[in-house]
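Below is one structure; the comments refer to it alone.
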Amino acid sequence: MTETKSNNGLKVIAGLLGVVLLGTIIYTVSLYQDKVKTTADLTKEKDLVVEDLSSLKSEYDKAILESNATNEELVSARDNIAKYIDSVKTMKADISSLSRYRRQVSVLKKEREQLLRQVDSLTQSNTLIAMQRDSTFVELEKQTVFNDSLVVQNTQLADVVEKGSALNLSKFTVDAVKERNSGKLVSTSRATRTDKFKICFTVANNVIAEAGDREFFVEILDPQGNVLGESYSKTNDNGASVTYSKGTNFYYENKSLDVCDYINKPAGDFQKGNYMVNVYDDGLKLLGTSKFTLK
């Protein structure tokens, strides 16, 4: 009788332990599922922050390319956003950090709007100056036709023509590409996959520039600051010189013109790191600068 009671007691204890174990397992599984869901939500939120920052960076890239001259404030703002993107990608996602970066995105959007308004204002001012310059040019030309004795006006006219006839770039892009067996070129950001650099720019229309054969000089600086390519040298009338990677020839007819050229892979593979590409006109005036990174 006593042994039967003992067995029954053990069964009850075993049953209770089983219930406790089952409850523990259910609770542990629930905690794990909550953790997985929380991690997924944080990762999604992190990706959204990176997407917002990348969109802001793209808008700055576009504004910089559309500007005739490098705007240091735009470049600085763009570079800061790139740093934020790197920070978000490498950080361990948590609610506090993501909230801070979300607030920073709002601040950066407001800063972008203010900077772009300034750029628009400068563009309008430059347009007005260009119109005034063109109007002055016309008036000086009329005076020259009717009065050859106006030496001072002729000198001013020559100066206006020299500056006004200079070519400028309205667009400038650099792309690392890999050439497939079919001959098709595809973009890449990896040094080991890169076969050549594709440099494209748009020469802006200029009705008073002299039409004819032109040559622009492309200078590519590798991560160590060395000139990539054959390293040719060019000196202008003022004694200034530039060592460049390649000369690009084209025929200009006073209309907007798209020009592309390629810099092939050196003896070895392209190096990983930051590259800078500069484009100069035939007088060694810097027309545009672009930076990119190979991983």
Side-chain angles (χ1 to χ4, degrees), residues 60-79 118-120 122-127 129-131 133-134 137 159-177 196-222 225-263 274-293:
Y60 276 116
D61 287 335
K62 181 180 178 182
I64 292 169
L65 288 175
E66 290 177 350
S67 178
N68 286 332
T70 301
N71 188 302
E72 293 183 358
E73 289 184 323
L74 290 180
V75 172
S76 176
R78 189 268 311 276
D79 292 345
Q118 293 176 356
V119 171
D120 290 339
L122 289 174
T123 301
Q124 293 175 2
S125 298
N126 289 336
T127 301
I129 291 173
M131 292 174 61
R133 181 200 63 195
D134 292 341
F137 169 75
D159 183 59
V160 171
V161 171
E162 180 182 358
K163 293 180 181 179
S165 62
L167 299 182
N168 290 296
L169 302 184
S170 60
K171 187 177 181 181
F172 177 30
T173 60
V174 179
D175 197 14
V177 296
K196 59 185 69 179
F197 293 152
K198 181 180 180 182
I199 298 96
C200 293
F201 51 81
T202 300
V203 184
N205 64 307
N206 190 325
V207 296
I208 64 174
E210 182 180 356
D213 291 318
R214 294 296 184 99
E215 183 178 18
F216 284 177
F217 305 100
V218 178
E219 176 191 46
I220 300 180
L221 301 178
D222 67 14
N226 300 316
V227 176
L228 196 66
E230 296 296 331
S231 297
Y232 304 101
S233 182
K234 169 74 174 179
T235 303
N236 63 14
D237 295 336
N238 297 323
S241 62
V242 166
T243 301
Y244 61 96
S245 304
K246 189 174 185 180
T248 298
N249 297 284
F250 57 92
Y251 189 84
Y252 185 70
E253 296 180 293
N254 305 100
K255 298 178 181 179
S256 179
L257 179 67
D258 294 325
V259 180
C260 285
D261 209 340
Y262 298 87
I263 301 296
N274 300 320
Y275 288 78
M276 175 181 287
V277 181
N278 299 315
V279 174
Y280 300 89
D281 66 9
D282 51 8
L284 300 188
K285 173 188 174 184
L286 180 61
L287 301 178
T289 296
S290 180
K291 299 178 181 178
F292 65 98
T293 302

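Here the structure is a predicted model, which means the values were calculated and not measured.
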Note to self: Would the distance check show the side chain of Asn254 and the main-chain N or O of Asn205 forming a donor-acceptor pair, the cut-off being under 3.5 Å?
What the structure shows: no

Notebook entry, point to check: Considering residues at least two apart in sequence or located in another chain, which fulfil the side chain to side chain donor-acceptor pair (under 3.5 Å) criterion with Asp281?
Noted result: none

Next item on the list: Quick one: list whatever passes side chain to side chain donor-acceptor pair (under 3.5 Å) with Asn274, sequence neighbours left out.
Entry: Thr293

Checklist line | Any donor-acceptor pair under 3.5 Å from Tyr252 side chain to Asn206 backbone | finding: yes

Notebook entry, point to check: Does the side chain of Asn226 reach to within under 4.5 Å of the side chain of Leu228, using non-hydrogen atoms?
Noted result: no

Check: Listed by chain and number, what are the side chain to side chain donor-acceptor pair (under 3.5 Å) partners of Tyr280, not counting sequence neighbours?
Finding: Glu219

Check: Excluding sequence neighbours, so at least two apart, what forms side chain to side chain donor-acceptor pair (under 3.5 Å) with Ser231?
Finding: none

Notebook entry, point to check: Does Phe292 have any side chain to side chain contact (heavy atoms under 4.5 Å, CB included) partners at least two apart in sequence or in another chain, and if so, which?
Noted result: Val174, Phe197, Tyr275, Val277, Leu294

Next item on the list: Provide the closest heavy-atom pair for Leu169 versus Gly288 in the form atom of the first, atom of the second, distance.
Entry: CD1-N, 4.4 Å

Item checked: Asn236 side, atom CG; Asp282 side, atom CG - distance, nearest 0.5 Å -> 10.0 Å

Item checked: Closest heavy-atom pair and its distance - Thr248, Val218 -> OG1-CG2, 3.9 Å

Next item on the list: Provide the closest heavy-atom pair for Ser245 versus Ile220 in the form atom of the first, atom of the second, distance.
Entry: OG-N, 3.0 Å

Margin query: For Thr202, give me all partners under side chain to side chain contact (heavy atoms under 4.5 Å, CB included), at least two apart in sequence or on another chain.
Written below: Ser170, Lys171, Ser256, Asp258

Margin query: Which residues pass the salt bridge (Lys or Arg N to Asp or Glu O under 4.0 Å) test with Asp261, not counting sequence neighbours?
Written below: Lys246

Notebook entry, point to check: Under 6.0 Å from the NZ atom of Lys196, do we count more than 12 heavy atoms belonging to anything else shown?
Noted result: yes

Check: Who pairs with Glu215 by side chain to side chain contact (heavy atoms under 4.5 Å, CB included), at least two apart in sequence or on another chain?
Finding: Phe217, Asn249

Notebook entry, point to check: What residue pairs, at least two apart or across chains, pass salt bridge (Lys or Arg N to Asp or Glu O under 4.0 Å) with a residue in residues 284-293?
Noted result: none

Margin query: Before you tell me yes or no, could you show the steps for Cys260 and Lys198 under side-chain contact (heavy atoms from CB on, under 4.5 Å), namely the whole-Å CA-CA distance, both residues' side-chain angles and the distance that decides it to 0.1 Å?
Written below: CA-CA 7 Å; Cys260 285; Lys198 181 180 180 182; 4.1 Å; yes

Note to self: For a quick test of reading the model, state the closest non-hydrogen atom pair linking Ala209 to Leu167 and the distance between them.
What the structure shows: CB-CD2, 3.8 Å

Notebook entry, point to check: Parallel, tilted or perpendicular: which fits the ring planes of Phe216 and Phe250, with parallel below 30° and perpendicular above 60°?
Noted result: perpendicular

